**Student:** 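Input: one structure, supplied below.
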Amino acid sequence: MDPGQQTSHLPPPDALSHPSGEYFTWHHRLQIIGLGFGFYAAIFFLSHLLSSALSRTYNSLLAKEKVFWNLAATRAAFGIQSSVAGLRALTEDSALTRDRVRGQEDWSWFNVLTATGFFVFENVAFHASSLVFRSFDLPLATHHFFALSGYAGAVVWDSLGHYLPMVTLLLEMSTPFTCMSWMLLKAGWARSLFWRANQWVMIHMFHCRMVLTYYMWWVTLTHWDGVSAHVALPQRLLFFTGLALLTFIINPVWTHKKTMQLLNPVDWNFGNKPVPVNGSTGSQSEVSAKPHDS
């Protein structure tokens with residue numbers, strides 16, 4: 001048998017879920033992970049090409065800000081996929097809801113694998129950018145580490161159910177609104193009604209993220225016997241450490257920052273720079289204070 005076609009541990013015959021056997025071949029898994037990586041890398045470069053051609057705001061940004069702009073657009077696209085997957089897991093009667101510890105389906109496998117590909121891309125882009133621009137965001141790096149480790153673990157320990165991984169993806173619900181918030185802020189529209197409305201929705205999404213983390217604690221605690229019996233110890237340590245950081249540190253800090261940004265629009269991703277005001281004038285060299293028209 002070709003090594004690429006060798007199977008890993010197959011799901012138990014009495015499992016309630018019956019995903020296709022091809023999802024238990026490493027050849028197929030790596031193909032889907034590569035597809036996820038390539039798709040989101042393509043969105044990153046497509047964002048660059050379209051923004052360069054169509055946006056004066058983008059062309060006036062510093063190189064580091066352009067990378068952040070394109071990463072924001074890529075995260076927004078992934079946020080849409082993640083929200084659909086997470087809402088499906090929460091609302092659809094499926095193998096995932098019938099067995100929240102071991103339930104799997106083809107669509108959940110596809111999302112786990114493409115999410116792994118996205119997190120590989122995001123970590124590569126983040127650390128390459130940090131190296132080139134000699135900067136480092138520890139909270140974001142921690143978030144990326146646990147995201148990639150968690151979904152890679154779900155691929156390696158393939159008897160793990162996909163209910164919690166799919167619900168975890170729903171935490172990305174805020175990313176499309178975060179993307180619009182930052183792009184409009186850089187374009188000088190931070191005083192506009194549309195920016196404020198988007199900011200209100202984004203803040204609400206961050207509060208929903210906090211409620212979702214509480215729900216994830218409840219699911220794990222009410223299914224503790226199954227979790228302790230069927231989830232590998234390294235995966236449990238990763239999951240609960242990441243969930244604790246999200247619940248008690250990352251989510252509250254980000255929610256606070258986004259709320260304060262509504263009251264005082266500043267670009268806290270780049271040293272709390274004052275935002276440009278659409279229609280004002282400024283120095284060409286002071287990019288962060290320059291008026292931008294998209």
Side-chain angles (χ1 to χ4, degrees), residues 4 6-12 15-41 43 74-75 77-92 94-124 143-173 175 212-213 215-216 219-220 223 226-227 230-232 234-243 246:
Q6 290 180 356
T7 60
S8 60
H9 300 292
L10 292 174
L16 295 176
S17 54
H18 300 283
S20 300
E22 63 185 3
Y23 282 107
F24 294 92
T25 66
W26 278 104
H27 176 73
H28 186 73
R29 290 178 183 179
L30 293 175
Q31 281 186 325
I32 303 299
I33 291 172
L35 173 67
F37 182 96
F39 176 76
Y40 286 107
I43 289 181
T74 308
R75 289 167 183 154
F78 179 68
I80 295 173
Q81 175 192 343
S82 300
S83 297
V84 172
L87 288 172
R88 183 175 181 180
L90 284 176
T91 60
E92 184 180 272
S94 66
L96 277 66
T97 54
R98 291 191 295 272
D99 186 348
R100 295 180 179 180
V101 177
R102 295 185 296 167
Q104 302 175 355
E105 290 196 357
D106 284 355
W107 68 267
S108 64
W109 261 114
F110 179 82
N111 279 284
V112 165
L113 295 170
T114 52
T116 303
F118 168 77
F119 288 126
V120 171
F121 165 76
E122 190 172 49
N123 274 270
V124 170
H143 173 69
H144 291 345
F145 167 78
F146 280 100
L148 177 57
S149 300
Y151 282 88
V155 177
V156 173
W157 289 288
D158 50 23
S159 62
L160 171 69
H162 290 166
Y163 182 76
L164 284 173
M166 292 302 99
V167 173
T168 302
L169 285 180
L170 190 54
L171 292 170
E172 299 291 333
M173 70 178 88
T175 53
L212 193 62
T213 57
Y215 171 71
M216 292 163 68
V219 170
T220 54
H223 295 77
V227 169
H230 300 289
V231 180
Q235 188 71 352
R236 270 182 281 159
L237 292 174
L238 278 171
F239 175 79
F240 286 112
T241 304
L243 186 58
L246 268 175

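By convention here, the first residue in the shown sequence is residue 1. Computed from a prediction, not measured in an experiment: that's the story for all the values here.
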**Student:** Could you tell me whether a side-chain N or O of Glu172 sits under 3.5 Å from a main-chain N or O of Ile80, the two making a donor and an acceptor?
**Tutor:** no
**Student:** If you look only at pairs with a residue in residues 152-172, which of them pass as a ring pair (Phe, Tyr, Trp, His ring centres under 6.0 Å), with sequence neighbours excluded?
**Tutor:** Trp109-His162
**Student:** For the side chain of Ser149 and the backbone of Phe145, is there at least one donor-acceptor N/O pair under 3.5 Å apart?
**Tutor:** yes
**Student:** Does the side chain of Leu87 come within less than 4.5 Å of Glu92's, by heavy atoms?
**Tutor:** no
**Student:** Do Phe146 and Leu246 have side chains that approach each other closer than 4.5 Å (heavy atoms only, starting at C-beta)?
**Tutor:** no
**Student:** Do the side chains of Leu243 and Thr168 get nearer than 4.5 Å, heavy atoms only?
**Tutor:** no
**Student:** Heavy atoms only: give me the nearest Thr97-Ala89 pair and the separation to one decimal.
**Tutor:** CG2-O, 3.2 Å
**Student:** Go through Tyr40 and Phe121 one step at a time and tell me if the ring pair (Phe, Tyr, Trp, His ring centres under 6.0 Å) criterion holds.
**Tutor:** CA-CA 7 Å; Tyr40 286 107; Phe121 165 76; 7.7 Å; no
**Student:** Would you compute the distance between atom CE of Met173 and atom OG1 of Thr175 and round it to the nearest 0.5 angstrom?
**Tutor:** 10.0 Å
**Student:** Closest approach of Asp106 and Pro19, non-hydrogen atoms and distance?
**Tutor:** OD1-CA, 3.2 Å
**Student:** Closer than 3.5 angstrom, by distance alone: can the side chain of Asn111 be matched with the main-chain N or O of Trp107 as a donor-acceptor pair?
**Tutor:** yes
**Student:** Can you tell me how far apart CZ (Phe118) and OG1 (Thr114) are? Round to the nearest 0.5 Å.
**Tutor:** 10.5 Å
**Student:** Taking atom CG of Leu164 and atom CD of Gln235, what is their separation to the nearest 0.5 Å?
**Tutor:** 10.5 Å
**Student:** What I'd like to find out is whether the side chain of Phe119 reaches to under 4.5 Å of the side chain of Ile33, using heavy atoms alone.
**Tutor:** no
**Student:** Pick from Val156, Val120, Thr116: which one makes a side chain to side chain contact (heavy atoms under 4.5 Å, CB included) with Tyr151?
**Tutor:** Thr116
**Student:** Would you find a donor on one side and an acceptor on the other, under 3.5 Å apart, between the side chain of His230 and the backbone of Gly226?
**Tutor:** no
**Student:** If you round to the nearest 0.5 Å, how far is CG of Leu169 from CD of Gln81?
**Tutor:** 7.5 Å
**Student:** Would you confirm whether Arg236, through its side chain, and Val231, through its main-chain N or O, come within 3.5 Å as a donor-acceptor pair?
**Tutor:** yes
**Student:** How many angstroms lie between atom CG of Leu170 and atom OG of Ser82, to the nearest 0.5 angstrom?
**Tutor:** 8.5 Å
**Student:** Please examine the side chains of Phe239 and Thr220, heavy atoms only from C-beta on, and report whether any two atoms are closer than 4.5 Å.
**Tutor:** yes
**Student:** Report yes if some heavy atom in the side chain of Asp158 is under 4.5 Å from a heavy atom in the side chain of Arg29; otherwise report no.
**Tutor:** yes
**Student:** Look at the side chain of Ser94 and the backbone N and O of Leu96, then say whether any donor-acceptor pair between them is shorter than 3.5 Å.
**Tutor:** yes
**Student:** Using 0.5 Å steps for rounding, measure from the CD atom of Glu122 to the CZ atom of Arg75.
**Tutor:** 4.5 Å
**Student:** Within the 4.5 Å heavy-atom criterion, are Tyr23 and His28 side-chain neighbours or not?
**Tutor:** yes
